[in-house]
**Q** 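My structure is below; once you've seen it, I'll send some questions.
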Amino acid sequence: QVQLVESGGGLVQPGGALRLSCAASGTIFKFYGMGWYRQAPGKQRELVATITSGGSARYVDSMKDRFTISRDNAKNTVYLQMNSLKPEDTAVYYCNAGVEDQARQLYDAWGQGTQVTVSS
């Protein structure tokens, strides 16, 4: 069973920066599309950014000028660079990926989430 583990979250002041990482564990044949989502308290989970297997990135408008998604296919890892952070960015951030494991099973994998808190 493929699992995703996020890291890099924490407490940061407004205007600061964080880099989130999402690494896979388990046997993996191939990663397909990957993305980052976030969920603030009392709100629905929302999409932040996506990236294709070929490296084409797309962003939700409110994040596109401040966030950058990237991936390292050799490491089966996706990143989210977050700059100029604002209090409204406070949320639990999750990564996801379409994966094919060593048994050639296809499914949508999710991480456990990492907390990002932006506060003075």
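The chain is numbered in sequence order, starting from 1.
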**Q** Does Q44 have more than 12 heavy atoms from other residues, nucleotides or ligands lying within 6.0 Å of its CD?
**A** no
**Q** Just by modelled atom types, is the V118 backbone N or O under 3.5 Å from a matching donor or acceptor in the T90 side chain?
**A**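 Indeed, once roles are kept as given, a pair shorter than 3.5 Å links the two residues.
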**Q** Going hydrophobic residue to hydrophobic residue with side-chain gaps under 4.5 angstrom, can you get from M34 over to L106?
**A** no
**Q** Kindly compute the distance separating OG (S84) from CE (M63), expressed to the nearest 0.5 Å.
**A** 14.0 Å
**Q** Does W36 share a hydrophobic cluster with V12, counting links as ILVMFWY side-chain heavy atoms below 4.5 Å and allowing steps through other members?
**A** yes
**Q** Quick one: ring pair (Phe, Tyr, Trp, His ring centres under 6.0 Å) pairs with a partner in residues 57-91, sequence neighbours left out?
**A** none
**Q** Taking all atoms of both residues into account, what is the closest heavy-atom pair of S120 and P14, and its distance?
**A** N-CD, 3.7 Å
**Q** Identify whether the distance between the nearest side-chain nitrogen and carboxylate oxygen of R66 and D89 falls below 4.0 Å.
**A**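 So R66 pairs with D89 through a salt bridge.
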**Q** Has the side chain of Y37 got a donor or acceptor atom that lies under 3.5 Å from a matching backbone atom of V92?
**A**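 Not at all, since once roles are kept as given, no pair shorter than 3.5 Å links the two residues.
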**Q** Applying the 4.5 Å side-chain criterion to the ILVMFWY set and letting contacts propagate, would V2 and Y32 be lumped into a single cluster?
**A**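 No; Y32 is not reachable from V2 via cluster members.
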**Q** How long is the span from the CZ atom in F31 to the CG atom in D101, to the nearest 0.5 Å?
**A**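 If I round to the nearest 0.5 Å, the distance is 11.0 Å.
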**Q** Grab the two heavy atoms, one from N83 and one from A17, that are nearest each other, plus how far apart they are.
**A** OD1-CB, 3.4 Å
**Q** In Å, rounded to the nearest 0.5 Å, how long is the span from CZ of R71 to CG of N76?
**A**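 Rounded to the nearest 0.5 Å, the CZ-CG separation comes to 8.5 Å.
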**Q** Using salt bridge (Lys or Arg N to Asp or Glu O under 4.0 Å) as the criterion, list what pairs up with D108, not counting sequence neighbours.
**A**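 Per chain and number, D108 pairs via salt bridge (Lys or Arg N to Asp or Glu O under 4.0 Å) with no residue.
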**Q** Side chains of L80 and T68: does their closest heavy-atom pair fall under 4.5 Å?
**A** no
**Q** For Q3, is the CD atom crowded, meaning more than 12 foreign heavy atoms sit under 6.0 Å from it?
**A** no
**Q** Let me confirm one number: the CZ-SG distance from R38 to C95, rounded to the nearest 0.5 Å.
**A** 16.0 Å
**Q** Decide whether Y107 and L4 are clustered together by the hydrophobic rule: side chain heavy atoms of Ile, Leu, Val, Met, Phe, Trp, Tyr closer than 4.5 Å, transitively.
**A**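 Y107 clusters together with L4.
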**Q** Are the side chain of S119 and the backbone of T117 linked by a donor-acceptor contact shorter than 3.5 Å?
**A** no
**Q** For residues Y93 and E6, is any side-chain donor paired with an opposing acceptor at under 3.5 Å?
**A**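 Side-chain D/A pair, Y93 to E6: absent.
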**Q** Cluster question for you: counting only ILVMFWY and a side-chain heavy-atom cut-off of under 4.5 Å, with indirect links fine, are V5 and M82 together?
**A** no
**Q** For the residue pair V116 and L18, establish whether any side-chain heavy-atom pair is separated by less than 4.5 Å.
**A** yes
